[in-house]
Amino acid sequence: MSPARLEGRVVLLTGATDGIGRALARACAAHGARLLLVSRNEQKLDLLSQELAETSGNAHACYSMDLAGAGEMDYIRLSGFLENQDTPVDSLVVNAGHLEALRSIRNYPLDTWLRMVTVNQHAAFMLIRSCIPILESSQDPSIVFSTHECTKAYWGAYAVAKSAQRGLLEMLAHELDGDRPIRVNGVDPAPVRTKLRMAHFPGINPQSFPAPEDVVAPYLYFIGPDSQGTTGVNYKINPDYCE
């Protein structure tokens, strides 16, 4: 992809301040995109937006939002914020994720289950529902999910939510393929060297996993115009890997 391939595009990115989200924000900015950064940590958002402004020359907006506790009115306020931007959103990247613990179903606390399903499943639905009218104003809209195939023992609510998220991806790819199509695709990066990964697998050498910067290329492809006409694809960076 050429350095200016995303020039002029507005990209809304959740989970922007850490891991893949942070690496993707930097890559999108380097390719000319203007970013709307969403995360719960306002201080990290401000620092990231300042960094991107200095390196890319574009102004990038921030929106602080805790997906674990957000309700209907919070998403209505987010819609208002997006509508007040000077240009429509061209791409939505559903990247925010939350994993608290790997444990058996028999030992799963209800509050932990509900929190993980809320962040990883319900928030994706609420965010996309809020953004569809805004995306339809774009000349070339796209939605990209960060997916994760992990339906094995002890992954619990995270695995259930991510499976549902994959179902949402496939449903939306058909539902939004109409007169004003929005292409919907996903990237499953497999294990990546993030804080989240290392917190739950502390005994594994971090260097055995790729860095977040090494997995952003498929995201850039699905965000940008090169993927026009492609929808319903869940691209697995390592197709032989499953948790």
Side-chain angles (χ1 to χ4, degrees), residues 1 6 9-56 58 60-68 70 78 81-82 89-100 115-116 118-124 126-128 130-131 142-148 150 158 161-162 165 169 184-200 206 209-224 234-235 237:
M1 177 180 283
L6 302 183
R9 291 188 74 87
V10 177
V11 179
L12 173 60
L13 171 61
T14 68
T17 56
D18 286 300
I20 293 172
R22 187 178 185 87
L24 183 56
R26 288 169 168 165
C28 285
H31 283 82
R34 186 163 69 86
L35 288 146
L36 304 176
L37 306 165
V38 178
S39 181
R40 65 180 179 177
N41 190 311
E42 190 169 353
Q43 183 178 16
K44 284 185 175 182
L45 280 172
D46 289 340
L47 290 172
L48 178 59
S49 65
Q50 291 172 21
E51 173 198 323
L52 297 179
E54 292 170 0
T55 57
S56 69
N58 284 330
H60 306 281
C62 300
Y63 195 88
S64 178
M65 188 174 185
D66 184 358
L67 300 181
L78 174 61
F81 167 79
L82 297 175
V89 173
D90 299 297
S91 299
L92 166 62
V93 183
V94 183
N95 172 69
H98 180 61
L99 176 60
E100 290 186 32
R115 195 159 45 247
M116 289 214 285
T118 296
V119 174
N120 297 301
Q121 178 184 346
H122 295 165
M126 293 293 291
L127 184 66
I128 291 168
S130 299
C131 289
S142 65
I143 297 172
V144 184
F145 286 84
S146 277
T147 64
H148 189 173
C150 54
Y158 181 85
K162 280 296 186 178
Q165 197 180 90
L169 184 163
V184 186
N185 298 288
V187 178
D188 184 341
V192 177
R193 196 189 315 150
T194 62
K195 292 179 183 177
L196 185 66
R197 167 65 57 170
M198 302 322 303
H200 293 285
F209 300 131
E213 292 76 14
D214 296 332
V215 301
V216 300
Y219 288 90
L220 297 175
Y221 171 77
F222 286 127
I223 289 169
N234 182 47
Y235 177 78
I237 289 179

Could you go through the side chain to side chain contact (heavy atoms under 4.5 Å, CB included) check for L127 and L78 one step at a time?
CA-CA 9 Å; L127 184 66; L78 174 61; 3.5 Å; yes
Test item: Q165 and Q121 side chains (from C-beta on) under 4.5 Å apart, heavy atoms:
no
State, with a plain yes or no, whether a side-chain heavy atom of Y221 is found less than 4.5 Å away from one of Y235.
no
With sequence neighbours left out, write down each residue that passes salt bridge (charged side-chain N to carboxylate O under 4.0 Å, His left out) with R40, or none if nothing qualifies.
none
Among D46, L45, L47, find the one that has a side chain to side chain contact (heavy atoms under 4.5 Å, CB included) with T17.
L45
To the nearest 0.5 angstrom, please state how far the CG atom of D66 sits from the CG atom of N41.
10.5 Å
For S56, all residues meeting side chain to side chain donor-acceptor pair (under 3.5 Å), sequence neighbours excluded
H60
Which heavy atom of S39 sits nearest a heavy atom of A16, and at what distance?
CB-N, 4.3 Å
SG-CD distance between C62 and Q50, expressed to the nearest 0.5 angstrom
8.5 Å
So which atom in V93 and which in I223 form the shortest heavy-atom distance, rounded to 0.1 Å?
CG2-CD1, 3.7 Å
Would you mind reporting whether K44 and D18 have side-chain heavy atoms less than 4.5 Å apart?
yes
For F81 and Y63, take the angle between the two ring planes, folded into 0 to 90°, and tell me which bin it lands in: parallel under 30, tilted 30 to 60, perpendicular over 60.
tilted
Inter-residue atom distance L99.CG - N120.CG, 0.5 Å rounding
8.0 Å
Answer whether the closest heavy-atom distance between the side chains of C28 and L220 falls below 4.5 Å.
yes
If you measure from CG on D188 to CD1 on I237, what distance do you get to the nearest 0.5 Å?
8.0 Å
Any side-chain heavy atom of S146 sitting closer than 4.5 Å to one from Y219?
yes
Flag the pair V187 / V215 as yes when at least one side-chain heavy-atom distance between them is below 4.5 Å, and no otherwise.
no
Show the nearest heavy-atom pair for residues C131 and L12, with the distance to one decimal.
SG-CD2, 3.7 Å
Tell me, please, which residues at least two apart from E51 pass salt bridge (charged side-chain N to carboxylate O under 4.0 Å, His left out).
R22, R26
Closest non-hydrogen atom pair, A123 against V119:
CB-O, 3.4 Å
Side-chain contact, heavy-atom cut-off 4.5 Å: L52 with N58?
no
Non-hydrogen atoms of L67 and A96 that approach each other most closely
CD1-CB, 3.6 Å
T147 versus N234, side-chain donor and acceptor atoms under 3.5 Å
yes
Between Y158 and H148 the two heavy atoms that sit nearest each other are OH-ND1, 3.0 Å
A side-chain contact here means heavy atoms from C-beta on lying under 4.5 Å apart; do L24 and N95 qualify?
no
For L37 and S49: C-alpha separation, side-chain torsions, deciding distance, then whether side chain to side chain contact (heavy atoms under 4.5 Å, CB included) applies.
CA-CA 8 Å; L37 306 165; S49 65; 4.1 Å; yes
